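First up is the structure itself, then whatever we jot down about it.
It should be emphasised that the depicted structure is a prediction, and the values quoted were computed from it without experimental measurement. Chain A is the first sequence line, chain B the second, and so forth, proteins listed ahead of strands; every chain is numbered from 1. Worth knowing before you read on, the calculation uses all heavy atoms, side chains too, and leaves out hydrogens, waters and symmetry mates.
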Amino acid sequence: MSLEGNYSPDEIEKKWYSYWMENDYFKSVPDEREAYTIVIPPPNVTGVLHMGHMLNNTIQDILIRKARLEGKNACWVPGTDHASIATEAKVVKMLRAQGIKKSDISREEFLKYAFEWKDKYGGIILEQLQKLGASADWSRTRFTMEEKLSKAVIKVFCDLHKKGKIYRGLRMTNWDPEAQTVLSNEEVIYTEENSQLYHVRYQIQDSEEYVTIATTRPETILGDSAVAVNPKDERYTHLHGKKVIVPLVNRTVPIIADRYVEMEFGTGALKVTPAHDMNDYDIGQRHNLETIDVFNSDGTMSEAAGFYLGKDRFEVRKLIVKDLKASGNLVEIENYRNKVGRSERTNAVVESRLTLQWFMDMKENSKTAFDVVNNGEVKFFPEHFQNMYNNWVKEENVRDWCISRQLWWGQRIPAYYVGDEIIVAPTPEEALAKAREVTGNSSLTASDLRQDEDVLDTWFSSWLWPMSVFDGFENPEELAYYYPTNVLVTGWDIIFLWVARMIMAGYEYSEALLGTEHVNKNGKFPFADVYFTGMVRDKKRRKMSKSLGNSPEALELIERYGADGVRFGMLSSGAAGNDIIFDAPEDPETKKTLSESDKCDQGLKFCNKMWNALKFLRGLEITTEKQSDEIEKVNHLAMQWIEEKYEATLTQLERQYETYRLSDSLMTLYNFIWNDFFSEYVELIKPAYIKDADGNNQQLALSKTVYDHAIDMYEKITTILHPFMPFVTEEIWHQLRDRKPGEDCIVSAYPKAKNFDAGLIQKVDSAIAVISKVRAYRSEKGIKSHLPLKLFIKNTKGAQELLEVQGLKEAIAKRAAIEEFTVTDSDDIPNTVSFVVGTEQFLLELPVTTIDTAAELEKAKKELARLEGMEKGLNKKLGNERFVNNAPPQVVALEQKKLADTQAKMEIAREVIRKLG
RNA sequence: GGGCGAUUAGCUCAGUUGGUUCAGAGCACCUCGUUUACACCGAGGGGGUCGGGAGUUCGAAUCUCUCAUCGCCCA
């Protein structure tokens, strides 16, 4: 790569990524070093890289790279999740497009198609992560449904069953009629939708009287078992104990009184359909009502309905309304907005349905999960997510986990049925042996056993992820080295689905797998810290997603700004845990979100800035000859100062890393590198131009000592920036010097922070402020930036102290184009304007024509007024006994110094006013 | 209905657990500059009564209460 033109990330990023891979830098094998472990939240195997992944994985990569630089054995385990429902839905759709119906093929055939699909598309997202620069150990890539991980899942199922924590039961569940499976509560998305509230009258048995109920679901009338009213509702008291006739079906059902009924809602009378509503089911249980399931599993009407057999529920809704109207029983139709639950995966309206499912009892495990987060064994960043977490895992809110799914894509439940017996065993052979034993029938064969058709919830495999990726359930040797992992980086939306459950699994199994000694020493938790990332949202605060089309294309962003630029952009968008409003603009015409971002652009510009600074340093002429005193003094100060600044920056970074304030860290680095290193340090050491014999400008040479120092410093900078922007730093690292094999930025040594000289930093800050003031005058008065000016500083103790810093005066002179910088006792230097930095007064000589005495006077008066106000406030504060007595001494001392400084400045302002006015 | 969070400059966000002249950053905007690493640049500048109100405190952007608006999670 030649040092010409602008920085172009594309080629450089490809080059270094393959270089790192070839050198096995991401690979981790247990050794004597301390391990630093992260397991990736496995993205869906069918997924594509989206903004959430980019944020999430950038953060993981930063932490892993930092640990690697610190000499730890950094291990980042990548992988994918089989995502049962999502993937099965996609495969079903793909098959349908080919004219194949799932119901027409066998389980085995379906799985063959599904695995083909997985093999074709499953690796895409991982390749995309590589483009982002993710330094995961790809040789460890795992998949939740691969053989070893599946074995672990089955083992755990059998174990929990044996422990009595897994049971089978008939429950009201969320049913997805399209995928024909049960959904967990977490997989149902509730949104407000427009619908109608139908008022339907039911005739009282043996009476001409009617009672009118309100329902949004008239098609379930066929399954009505009662009409319920609130016991306190006087409108209906006279009906208690009577019976009504359900329209159309003409079934006679009781009128019951139940407190659940809201008197204010609708007519105050509720039809009760225990088979099709959670609450109705509860009422049914209380009143021993009949449960009539009027739907088939695909949402069509069942035999039990008696009418409309085989027709779809929504079609039936229309038909039934028509029939109710015809029979005169439809009283009114009211427009209404209600919450409708839809399947997260198929978007089908979810039915409540009574089904036989497998559950895990969560009582004991959720208590542990609650305790260990609240006693600090597992720490959350930011902390406030603990509140949300507690609310979910606390006893009264936790519910048993429905772990069975009526799908084929997933781990099949290892339960076998023989007659009325249920045998749970890891393999068919073991199940058979057990079955023979249980039944006492030794002639049973494998064909007598019927395995449960269902598979397990995806989360039932991913909750084991931190242990199963190290094959901990088979051979705990590696697990012992890497477990517990250091940090989990994930979105807060899966705090319950995944984070809480991993914690439960960790406490359930780590001791059994690793031994008491190990867990006593290292902890049972799967990860010590959890870093919650925010959701990436669009301008309207909607979650960015493919389905909404409101997300920029991740890969296009990388193409446009480079991975470093995108990493910069993602990270500078917001702090840990807070949602990020990504700044991608919309196409004004199509309203489509463009793959552009100012923040990512800033990242690319930063790369370019670093690139140009590199070009500049490398292009300088170097000399070993001694240079003028002035130059040497300035250079010396520059070197001394940047080192202190560097140490101060390291200290700050250390603090930020400890609390995962990575956005802050990046800003700290950005400011240090751009402002301190490039704008101050490089400008200070930049050799001046002089006219040679022919009158041409020629740049002086830079002392070799200074050059070496600049290169050293730049090298240190690439190391500390590397975790955030790995590619550009690796490239610059190699451009700074010739490198031996293995001498790479990615494995350079991350420095330990040392003490720094805050006094020197502060004095140079003052000098920078002086330079800035002089430039402001130039800008205001239209004076060329290179026209030499004279500057004076009033002779005070403070001035002496300031100028004690070797090179400070010369540095100011160089950066502000000052030809003469003099300490003076005189109060009256003609043609000067006065300004104050700290508590020191400076006088800047300007061309006479540019000085506006009246304006200067006005300025000074305004300043004095401001200072007077400040003095008043400070006096009041310091005059307040309670402040002086209660505030910490250093705060009081500070206020006192503030007062003294203010008064000193007031004195200067008065002096200026006296002279001008 | 229960819970969590947000509200700070035109925009996107910080503000490290109440105390440095603390009201900040980046972008955008305005003025000037093509000077020689970089116009993907440099120099300078304008802009916010920290959502409203009340309270606690010597001291509040920060803590409490309340109201408003918005977002989310769970029922």
| request: Using a 4.0 Å heavy-atom cut-off across all strands, classify A:Glu683 as base, sugar-phosphate, or nothing. | output: base

| message | Nearest to the side chain of A:Trp492, heavy atoms from C-beta on, is which of B:C72, B:C4, B:A14? | response | B:C72

| remark: On RNA chain B, more 5' by nearest nucleotide between A:Tyr7 and A:Thr902 is A:Thr902

| Does A:Glu819 reach the main-chain N or O of A:Ala813 with its side chain, forming a donor-acceptor pair under 3.5 Å? | no

| Chi angles and distances behind the salt bridge (charged side-chain N to carboxylate O under 4.0 Å, His left out) call for A:Asp901, A:Lys905 | CA-CA 6 Å; A:Asp901 288 356; A:Lys905 284 192 239 182; over 6 Å; no

| Nucleotide nearest A:Lys686 when distance is taken to its side chain, options B:A37, B:A75, B:G42 | B:A37

| Would you say a side-chain N or O of A:Lys784 is under 4.0 Å from OP1 or OP2 of B:U35? | no

| request: For B:C27 versus B:G47, give the span between their C1' atoms, rounded off to a whole number of Å. | output: 14 Å

| message | Testing the 3.5 Å rule here: is there a donor-acceptor pair between the side chains of A:Gln903 and A:Glu907? | response | no

| Would a distance-only check, ignoring hydrogens and angles, find a side-chain to backbone donor-acceptor pair under 3.5 Å from A:Arg618 to A:Gln735? | yes

| task | Any chance you could encode RNA chain B as dot-bracket? Rule is Watson-Crick or G-U wobble with both distances under 3.5 Å; [ ] for pairs crossing earlier ones, | for another strand. | result | (((((((..((((.....[....)))).(((((.......))))).....(((((..]....)))))))))))).

| Between B:G26 and B:U8 - C1' atom distance, rounded Å | 15 Å

| said: Taking any heavy-atom pair under 4.0 Å as a contact, classify A:Asn6: base, sugar-phosphate, or nothing. | reply: base

| field | Rounded P spacing from B:G45 to B:A25 in Å | value | 12 Å

| message | In whole Å, I'd like the distance from the CG atom of A:Asn612 to the P atom of B:A37. | response | 10 Å

| note | Judged by nearest nucleotide, the residue sitting upstream toward the 5' end of RNA chain B, A:Asp601 or A:Ser572, is A:Ser572

| task | May I ask you to decide if A:Ser597's main-chain N or O and A:Tyr561's side chain share a donor-acceptor pair within less than 3.5 Å? | result | yes

| remark: Taken to the nearest whole Å, CE/A:Met667 to P/B:A25 is 10 Å

Check nucleotides 56-60 of chain B for protein N or O atoms closer than 3.5 Å to its own N or O atoms and list the pairs.
from  : atom 1 : to       : atom 2 : distance (Å)
B:C58 : OP2    : A:Arg882 : NH1    : 3.1
B:C58 : O2'    : A:Asn880 : ND2    : 3.2

| Reckon A:Lys394 touches a base, only the sugar-phosphate, or nothing at all at heavy-atom distances under 4.0 Å? | nothing

| Below 4.0 Å: OP1/OP2 of B:C38 and any side-chain N or O of A:Lys615 | no

| Pairwise P distance, B:A43 and B:G5 [rounded to whole Å] | 42 Å

| said: Roughly how many Å apart are B:U16 and B:G53, using the P atom of each and rounding to a whole number? | reply: 23 Å

| task | Under 4.0 Å between any heavy atoms, over every strand shown, what does A:Asp901 touch: base, sugar-phosphate, or nothing? Just pick one. | result | base

| message | Distance check needed: B:A75 P versus A:Met172 CE, whole Å only. | response | 15 Å

| message | So, under a plain 3.5 Å distance rule, would you say the side chain of A:Ser785 forms a donor-acceptor pair with the base of B:U35? | response | yes

| message | Does A:Lys394 have more than 12 heavy atoms from other residues, nucleotides or ligands lying within 6.0 Å of its NZ? | response | yes

| field | Rounded distance in Å - NE2 (A:His384) to P (B:G5) | value | 6 Å

| request: Round to the nearest Å and state the distance from A:His786 atom NE2 to B:C32 atom P. | output: 20 Å

| query | Between A:Leu571 (CG) and B:C13 (C1'), how many Å, whole number? | reply | 13 Å

| task | Would you kindly give the CE-to-C1' distance between A:Met870 and B:A23, to the nearest whole Å? | result | 13 Å

| remark: For A:Val774 and A:Phe835, the nearest pair of non-hydrogen atoms, with its separation, is CG2-CZ, 4.2 Å

| request: For A:Lys609 and A:Asn612, test the side chains for any donor-to-acceptor distance below 3.5 angstrom and give the result as yes or no. | output: no

| C1' atoms of B:A23 and B:G48, separation to the nearest Å | 8 Å

| field | A:Asn675 side chain to A:Glu680 side chain, donor-acceptor N/O pair below 3.5 angstrom | value | no

| message | If I pick the C1' atom on B:U49 and the same atom on B:U12, what distance separates them, to the nearest angstrom? | response | 23 Å

| task | Go through A:Trp674 and A:Phe606 one step at a time and tell me if the side chain to side chain contact (heavy atoms under 4.5 Å, CB included) criterion holds. | result | CA-CA 8 Å; A:Trp674 200 308; A:Phe606 186 33; 3.6 Å; yes

| request: Could you give the distance separating B:C41 and B:C22 at their C1' atoms, to the nearest angstrom? | output: 31 Å

| message | Whether the A:Asn230 and A:Asp258 side chains hold a donor-acceptor pair (N or O, under 3.5 Å, no angle test) is what I'd like checked. | response | no

| task | Answer with yes or no whether the side chains of A:Tyr389 and A:His384 bring together a donor and an acceptor at under 3.5 Å. | result | no

| field | Among B:G15, B:A75, B:C27, the nucleotide that comes nearest once only the side chain of A:Arg399 is considered | value | B:A75

| query | Just checking, any donor-acceptor pair under 3.5 angstrom between side chains of A:Gln602 and A:Tyr670? | reply | yes

| said: Just to be sure I understand the rule, does A:Asn608 reach a base, reach only the sugar-phosphate, or reach nothing, if contact means heavy atoms closer than 4.0 Å? | reply: base

| task | Tell me which residues in residues 759-778 of chain A put a heavy atom below 4.0 Å from RNA chain B, sorted by number, or none. | result | A:Ser772, A:Arg775, A:Ala776

| note | Between CG of A:Leu662 and P of B:U16 the distance, given in whole Å, is 17 Å

| remark: The reported gap from CD1 in A:Ile812 to CG in A:Leu684 (rounded to nearest 0.5 angstrom) is 10.5 Å

| Phosphate OP1/OP2 of B:A37 contacted by A:Trp674 side-chain N/O (<4.0 Å) | no

